[in-house]
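No experiment lies behind these values; they were computed from the predicted model shown. Every heavy atom of this structure was used, including side-chain atoms; hydrogens, water molecules and symmetry mates were not.
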Amino acid sequence: SCSSCVPPVKIKADGSDQAVPGHAYVDQMAVTVKSDSAVTFTNKMAGKVLSTSTQTVSPDGSKLTMEWTDLSGEKPASGVLTESRVAPGPKGSHAISGSWKAEAMPSASDESVTMKFQSKPNGMILIWNGQTTDANFDGKEYPTAGDPGNTMVTLKRLDANTFQETDRRLAKVFDIIVRTVSKDGKTMKCIDTDPVHRTKQTWVMEKQP
């Protein structure tokens, strides 16, 4: 079960595909217990595998390592995410049970972290791994071509170096991303607020040659 998922998920961990309605990138999920410390998740949308992950808990139970693959784009994207334990699970439950907090991403493929931004008169074209959004700074929603989650994007220009991207899926705003390019043009700071999951992330992108 996942109480922090929106909507919450509660299915059997028997390796079979089970329905998980109400999610943008998964309508069927399979959970397989690999060992006392590892579990594999397979997410499907319309019969196609969109993502997989294997989550393994350290021997002392304090750290979780997730090896993931995202198949929602043109090419497979993959990486490793580590999380630290916040709270233990119920007595006698699997080691993965409990609450975890994202800690670091020690590795990620180019496909997962590379994004192209192309400016145009009164707008921007955003490209990630075969998914393209061609939007104007006019407050209207524009579709993301090639995105199985059917993300609708609204762009708003805040100043000469900053614009705001609002992403909506399933009639809900999932991301409000403020992107600011540094004065020297070498980096872009991104602050992503997710009102659905009540989270906030900050990362810095480096301009490529």
Side-chain angles (χ1 to χ4, degrees), residues 1-15 18 20 22-26 28-44 49-73 76-115 128-129 149 151 165 167 169 172-180 187-206:
S1 63
C2 175
S3 58
S4 60
C5 296
V6 182
V9 171
K10 188 174 184 179
I11 59 176
K12 295 180 180 179
D14 61 2
Q18 296 177 65
V20 284
H23 296 265
Y25 291 99
V26 54
Q28 284 188 321
M29 179 184 294
V31 181
T32 304
V33 178
K34 307 292 288 186
S35 68
D36 291 342
S37 59
V39 177
T40 295
F41 297 81
T42 302
N43 296 331
K44 292 183 178 180
V49 176
L50 284 193
S51 66
T52 62
S53 68
T54 296
Q55 303 182 23
T56 305
V57 181
S58 62
D60 65 2
S62 65
K63 183 178 178 180
L64 184 145
T65 300
M66 179 193 301
E67 298 182 29
W68 55 269
T69 300
D70 184 340
L71 302 171
S72 64
S78 60
V80 175
L81 174 70
T82 60
E83 301 183 356
S84 56
R85 186 179 289 281
V86 175
K91 185 177 181 180
S93 61
H94 190 276
I96 200 175
S97 298
S99 299
W100 300 88
K101 181 181 179 180
E103 188 176 71
M105 188 177 290
S107 67
S109 66
D110 287 345
E111 290 79 10
S112 64
V113 296
T114 303
M115 190 169 185
W128 175 80
N129 197 10
T151 301
E165 171 190 343
D167 297 343
R169 292 182 289 274
K172 294 180 180 179
V173 172
F174 276 81
D175 297 280
I176 302 172
I177 309 171
V178 176
R179 305 183 187 272
T180 303
T187 62
M188 177 189 291
K189 183 178 181 180
C190 305
I191 303 175
D192 182 352
T193 302
D194 181 344
V196 173
H197 297 93
R198 292 181 295 179
T199 60
K200 187 176 183 178
Q201 301 180 62
T202 300
W203 67 93
V204 176
M205 305 184 78
E206 298 177 347

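Distance check, rounded to the nearest 0.5 Å: OG1 of T180 to CE of M188 gives 8.5 Å. Here the CD-OG1 distance, from E67 to T56, works out to 6.5 Å after rounding to the nearest 0.5 Å. For the atom pair CD (E111) and CG (L71), the distance works out to 11.5 Å, reported to the nearest 0.5 Å. Within the model, atoms CD of Q28 and CG of L50 stand 11.5 Å from one another, a figure rounded to the nearest 0.5 Å. Taken to the nearest 0.5 Å, the CD atom of E165 stands 4.0 Å off from the CD1 atom of I177. Taken from OG1 in T199 to NZ in K101, the straight-line distance is 12.0 Å, to the nearest 0.5 Å.
At least one donor-acceptor pair under 3.5 Å links the side chain of Q18 to the backbone N or O of K12. Looking at D60, its side chain does come within 3.5 Å of a backbone N or O of S62 through a donor-acceptor pair. The backbone N or O of K34 lies less than 3.5 Å from no partner atom in the side chain of T32, so there is not a single donor-acceptor pair.
Within the 4.5 Å cutoff, the side chain of M115 has heavy atoms near those of the R179 side chain. Residues E103 and L64 form no side-chain contact, since every pair of their non-hydrogen atoms from C-beta on lies 4.5 Å or further apart.
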Show your reasoning for whether side-chain contact (heavy atoms from CB on, under 4.5 Å) applies to M105 and W68.
-> CA-CA 11 Å; M105 188 177 290; W68 55 269; 4.2 Å; yes
Would you check, one step at a time, whether the test side-chain contact (heavy atoms from CB on, under 4.5 Å) holds for W100 with S4?
-> CA-CA 11 Å; W100 300 88; S4 60; over 6 Å; no
Chi angles and distances behind the side-chain contact (heavy atoms from CB on, under 4.5 Å) call for D175, R169 | CA-CA 9 Å; D175 297 280; R169 292 182 289 274; 3.2 Å; yes
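When all heavy atoms of W128 and D70 are compared, the pair lying nearest together is CH2-OD2, 4.1 Å. Looking at every heavy atom in both residues, S93 comes nearest to P90 through OG-O, 2.6 Å. Closest heavy-atom contact between T151 and Y25: OG1-OH, 3.3 Å. The nearest pair of heavy atoms linking V39 to H94 is CG2-CE1, 3.5 Å. The shortest heavy-atom contact between P195 and T193 is CD-O, 3.4 Å. Taking both residues in full, the closest heavy atoms of A77 and N129 are given as CB-ND2, 4.4 Å, listed atom of the first, atom of the second, then distance.
There is a side-chain donor-acceptor pair under 3.5 Å between T54 and T40. Residues N43 and S51 have side chains that bring a donor and an acceptor to within less than 3.5 angstrom of each other.
Pairs engaging residues 77-92 under the side-chain hydrogen bond (donor to acceptor under 3.5 Å, both in side chains) rule: none recorded [sequence neighbours left out].
Within 6.0 Å of the CG atom in D36, the count of heavy atoms belonging to other residues, nucleotides or ligands does not exceed 12.
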